[in-house]
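See below for the structure under consideration.
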Amino acid sequence: MGKALIEKIMSSHGGEDCRAGDVVWIDIDNRTARDFAGASVVGNLEKYGGDSPIAERSKTFFTFDCNVPANTIPYANNQQRIRIFARKNDLKVYDVDAGIGSHVVIEEKFAKPGTTTVGTDSHLNIMGSVGAFGQGMGDVDIAYAFKTGKVWFEVPESVKVTLDGMPAAGTEAKDIALAMLRRFSSHELLGKSVEIYGKWVEDASLEDCVTLSSLATEMGAIIALIPPNDNVLDFFGITRNEAVYADPDTVYLEDYSLDIEGLEPQIAAPPSPANVFPVSEKTDVKVDGVFIGSCTNGTYQDLRYAAELLRGRTVAPGVMLKVVPATRKTWAMLLDEGLLKDIFDAGGIVSNAGCGGCASGQIGMTGEGEVQISTSNRNFKGKQGRGNTYLAGIGTAVASAVLGRIASVHELKEVR
Amino acid sequence: MPRELILKGRLWILMENENLFSDIDTDMIYHNAHLAVTEIDEMGQYAFGNLEGYKDFADKAQPSDIILAGDNFGSGSSRQHAVDCFKALGVQAVIARSFGAIYKRNAINSGFPIIELPGLPDNLFNQHDQAELNLESGTLSAGDNRYQGNLMSEVARDIYLAGGLFQYAERM
Ligand code: SF4
């Protein structure tokens, strides 16, 4: 019987001939910690790390993205503690200017197809977008990975999801991710490695793959792996032979298919990412704020699309539009191409690269009763303040900002 | 600290309406407003500070309590605080029908016992029952009621017995 993609990656990283259910020690190619929990990683290493707390310096680094630059003293203290530790141990810090760590790891081409990455970010399974293993872990695990280059892992069962058909024009990767959440909720894929197939993923851009994989955490899955397509291979400058794929005769625990033919834009209403509706059913909800960014929808492709939709239009009176590019590189491209001006002129607020509204209110929280449309990945109660957060793609976010109520991108065409 | 395999304590059953509380995410367990805290002792006060109906948990919890929840406990972020806040209060263990994957390993790695009881009926146990949790056999019992959960994996058990991942590694 063939091996699933995750079994192949883990087998090639010290797990020998492992199968689902085996508990194996795997070698980690990229070991990261962010400003959140990074200080606790340092604390663990100071306590237990001994004289040589780092296994391989070139594979080990910090990425500051949660609270950048720090806007609370405790966060500033934590970041500084990390910097001092990093200097002492000659480790690289992608500091407060760099952007979201998971995106930096891909942008720098550290997370090639078939590699392994861990860090203190629960969305590091975003590496599934390039057919690589990534996993967020707590500070004990990550300190251990820094010290030894290994973590233990229970090889998860694999399921296969085939997306049948092609969505309607104007439907984005995010809408497909939300459709998966609607179908599987937060339980059905719990603890599974999910491999995603179908025509849509074969053609998807790297950025689309990132968006789709980033919602694996909300689905409760260990990871959503997308077998590297030509776009992804081109980005890394490698061939199919250099990437890793599941064996064709793999038998999956479940073999699902999800019909996305003609799929229209979707939106997740509070209080959970799995509470998904077609956007067209929610168009009577008035909107106070819109957040565009995050590890789910903060790439250059996403923000270029937002800028194009905003060009020549304006945000509805009384609506805040907050835009946060995922990385400094994204920021630079938007700047060079004048796209930031489109966003600015439309009435948007553009912040420095990072997680933005997600982690601790870097660009503001929501107040009681405030309705926010967010392109990020979580809308649990209290997560982004006291308000009500809806999750949607770029088109829905922009259309809602312009119309002042939940709206799909199709409605935008009529507005100038 | 001795690493017992049989834990005795008071059950703290988390209910939502008539059902075991499911999908308790890490922001409900330990809100992101307090993430910059790095001292474990300071974390206890925030436990369940954002969980509807249980915001006063930290005041009412007693050392040796055992928390019982529904499905998917600890989904969400990778914050270790969501485990450490219970340790700070002296809570002995968390048991649930199922756990978020990251939460599960955070607990195991810090030597904090968790047991999964898949399919546990909502009302088999009563609030504040004196219960016995057998980590060896994976059973929870209180009075005449008993439920067989999953066994801990060998790695989890060994890490627990060692007192945490680093302590375990020292013995390898
Ligand atoms: S954008 Fe939000 S979900 Fe993504 S890594 Fe940052 S804090 Fe986490």
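Residue numbers start from 1 in every chain, and the chains themselves are labelled A, B, ... in the order their sequence lines are given, proteins ahead of strands.
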>> Assess the residue pair A:Phe36 and B:Asn32 against the criterion (side chain to side chain contact (heavy atoms under 4.5 Å, CB included)); give the C-alpha distance rounded to whole Å, side-chain angles, the decisive distance to 0.1 Å, and a yes or no.
In response: CA-CA 10 Å; A:Phe36 155 63; B:Asn32 60 52; over 6 Å; no
> Looking at B:Ile102 and A:Met137, what are the two nearest heavy atoms and their distance?
Replying inline: CG2-CA, 4.1 Å
> Which region of B:Ser98, side chain (C-beta onward) or backbone (N, CA, C, O), has a non-hydrogen atom less than 4.5 Å from a non-hydrogen atom of chain A, or is it both or neither?
Replying inline: side chain
>> Can you tell me how far apart CE (A:Met219) and OG (B:Ser75) are? Round to the nearest 0.5 Å.
In response: 14.0 Å
> Side chain, backbone, both or neither: which part of A:Ala221 has a heavy atom under 4.5 Å from chain B?
Replying inline: neither
>> List the residues meeting salt bridge (Lys or Arg N to Asp or Glu O under 4.0 Å) with B:Glu136, not counting sequence neighbours, and say none if there are none.
In response: B:Arg157
> Which bit of A:Val23 is near chain B, if near means a heavy-atom gap under 4.5 Å: side chain, backbone, both or neither?
Replying inline: side chain
>> Tell me which of these, A:Gly220, A:Gly191, A:Ala143, A:Pro156, has more heavy-atom pairs under 4.5 Å with chain B than the rest.
In response: A:Ala143
> Which residues in residues 41-74 of chain B have any heavy atom lying under 4.5 Å from a heavy atom of chain A?
Replying inline: B:Asn50, B:Glu52, B:Asp71, B:Asn72
> How far does OH of B:Tyr168 sit from OH of A:Tyr144, to the nearest 0.5 angstrom?
Replying inline: 7.5 Å
> Passes side chain to side chain contact (heavy atoms under 4.5 Å, CB included), B:Leu165 versus A:Tyr48? Steps please.
Replying inline: CA-CA 10 Å; B:Leu165 182 61; A:Tyr48 303 110; over 6 Å; no
> Counting heavy atoms not belonging to B:Lys87, are there more than 12 under 6.0 Å from its NZ?
Replying inline: yes
>> Does any backbone or side-chain atom of B:Asn109 lie under 4.5 Å from a heavy atom of chain A? Answer side chain, backbone, both or neither.
In response: both
> With a 4.5 Å heavy-atom cut-off, do B:Phe166 and A:Lys47 have their side chains touching?
Replying inline: no
>> Using every non-hydrogen atom in the two residues, find where A:Ser186 and B:Asp23 come nearest and quote the distance to one decimal.
In response: OG-OD1, 3.4 Å
> Who pairs with A:Asp121 by salt bridge (Lys or Arg N to Asp or Glu O under 4.0 Å), at least two apart in sequence or on another chain?
Replying inline: A:Arg34
>> Which atoms of B:Phe99 are under 4.5 Å from chain A, going by heavy atoms: the side chain, the backbone, both sets, or neither?
In response: backbone
> If you take all heavy atoms of B:Thr38 and A:Ser40, which pair is closest and at what distance?
Replying inline: CG2-OG, 3.9 Å
> Do you know which two heavy atoms are closest between A:Phe153 and B:Arg105, and how far apart they sit?
Replying inline: CD1-NH1, 3.1 Å
> What pairs with A:Asp22 under salt bridge (Lys or Arg N to Asp or Glu O under 4.0 Å), at least two apart in sequence or on another chain?
Replying inline: none
> What part of A:Asp141 lies closer than 4.5 angstrom to a heavy atom of chain B: side chain, backbone, both or neither?
Replying inline: both
> If you draw a 6.0 Å radius around CD in A:Glu46, do more than 12 non-hydrogen atoms from other residues or ligands fall strictly inside?
Replying inline: yes
> Distance-only, no hydrogens or angles: does the B:Arg79 side chain make a donor-acceptor pair with backbone N or O of A:Asp139 under 3.5 Å?
Replying inline: no
>> With a 4.5 angstrom heavy-atom cut-off, is it the side chain or the backbone of A:Thr217 that approaches chain B, or both, or neither?
In response: side chain
